Amino acid sequence: MTEYSVDYQGVLEEIQDEVRPFFGKGKNADYIPALAIVPGNKFGMAIHTVEGEEFLIGDARDDFSIQSISKLFTLMQVLGFEGVDIWSRVGREPSGTAFNSLVQLEYEKGIPRNPFINAGAIVVTDILASRSADTSRRIGDFYRMLSGNLSNRVDETVALSEQEHGYRNAALANLMRSFDNIQSPIPDLLDVYFRQCALTTSCADLAKAALPLACGGYSPIAHKQILTVRDAKRINALLLTCGLYDAVGSFAYTVGLPAKSGVGGGIVAVLPDHFSVAVWSPELDSYGNSLVGSKALELFTTKTGLSIF
Ligand code: GLU
């Protein structure tokens, strides 16, 4: 099937039907209590083509917690700075460990494997904080610019919930500080990090916000070049190899798109020069990725024949 004959809306309707048996097989994130109470049977999906067409299904306009998907947007911001040397402080390899693992960080002297595990994202946010005042607002403004939706705000309940249960993230930040890989005061840094994870978004907004990765760094929503073509290519490569924690190999095998997941149940993926796609369903698999969302994306690339491979 060529993309010209794809009936995106029809495909979304089929997917919505076919994912039904998978509800109840995963579990909401409960280490952040505010995420545990979101109804598990929510499902939304949004596609945004580079030509400007939008296709939505189910709860595609409902707000949910962006969580780790925010790491993608802080990385975009940091790569936009002139002359910043992020790669001496964060690696570019898959971790093969859980998103919040401490073990590898000790062995590897406080240098996180990649910017998409929690430790790596905390370093990226630290770099952003060292270059800007009011970092939290700056992160929110950047996201709202890319999504085109001014109502994407920090959910204070989620931010507080993360703060109150953020023992592992505090441990990661302190361990990296002991290796001199964190510069900001840790409570301030964690506050910014928790607030970026507590941003709300919908599938419709997320698909728009990810468009620069499908459009050679250009945002058709903000009407602005956000990244160089080269950095867009590099981020897509990192997403493919590191975007889904230690399930990244299976996800590349079953879905075949660069993608980023979050424990709020969202996943965003892109096919460069074609589209971005966002899916949301809160129940997670054992790796912390949306179980129904992963299945929906597998069905999507299988039915359309559109993937990077
Ligand atoms: N806020 C979450 C945490 O720091 C993000 C994790 C995720 O979405 O994978 O644990």
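For ligands, and for the atoms within them, numbers begin at 1 and follow the listed sequence. What you see is a predicted model; the values in this text were computed from it and never measured.
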*asked:* I'd like to know if the side chain of T254 pairs up with that of E298 as donor and acceptor (distance under 3.5 Å, no hydrogens or angles considered).
replied: no
*Does a donor on one side chain and an acceptor on the other come within less than 3.5 Å for Y245 and S261?*
no
_Distance alone, cut at 3.5 Å: any donor-acceptor contact between the side chains of N149 and K208?_
no
_Minimum-distance pair of heavy atoms, taken over all atoms of S88 and I111_ = O-CD1, 3.8 Å
*Answer yes if L146 and V50 sit in the same cluster of Ile, Leu, Val, Met, Phe, Trp and Tyr residues linked by side chain heavy atoms under 4.5 Å apart, and no otherwise.*
no
*Partners of F64 by ring pair (Phe, Tyr, Trp, His ring centres under 6.0 Å), sequence neighbours excluded?*
W280
Short N or O separations between ligand 1 and the protein, below 3.5 Å:
{"from": "ligand 1", "atom 1": "1 (N)", "to": "Q67", "atom 2": "OE1", "distance (Å)": "2.5"}
{"from": "ligand 1", "atom 1": "1 (N)", "to": "E162", "atom 2": "OE1", "distance (Å)": "2.7"}
{"from": "ligand 1", "atom 1": "1 (N)", "to": "E162", "atom 2": "OE2", "distance (Å)": "3.2"}
{"from": "ligand 1", "atom 1": "4 (O)", "to": "N118", "atom 2": "ND2", "distance (Å)": "3.1"}
{"from": "ligand 1", "atom 1": "4 (O)", "to": "N169", "atom 2": "ND2", "distance (Å)": "2.9"}
{"from": "ligand 1", "atom 1": "4 (O)", "to": "Y193", "atom 2": "OH", "distance (Å)": "2.9"}
{"from": "ligand 1", "atom 1": "8 (O)", "to": "S68", "atom 2": "N", "distance (Å)": "2.9"}
{"from": "ligand 1", "atom 1": "8 (O)", "to": "S68", "atom 2": "OG", "distance (Å)": "3.0"}
{"from": "ligand 1", "atom 1": "8 (O)", "to": "V263", "atom 2": "N", "distance (Å)": "2.8"}
{"from": "ligand 1", "atom 1": "9 (O)", "to": "S68", "atom 2": "OG", "distance (Å)": "2.9"}
{"from": "ligand 1", "atom 1": "9 (O)", "to": "Y245", "atom 2": "OH", "distance (Å)": "2.5"}
{"from": "ligand 1", "atom 1": "10 (O)", "to": "Y31", "atom 2": "OH", "distance (Å)": "2.6"}
{"from": "ligand 1", "atom 1": "10 (O)", "to": "N118", "atom 2": "ND2", "distance (Å)": "3.1"}

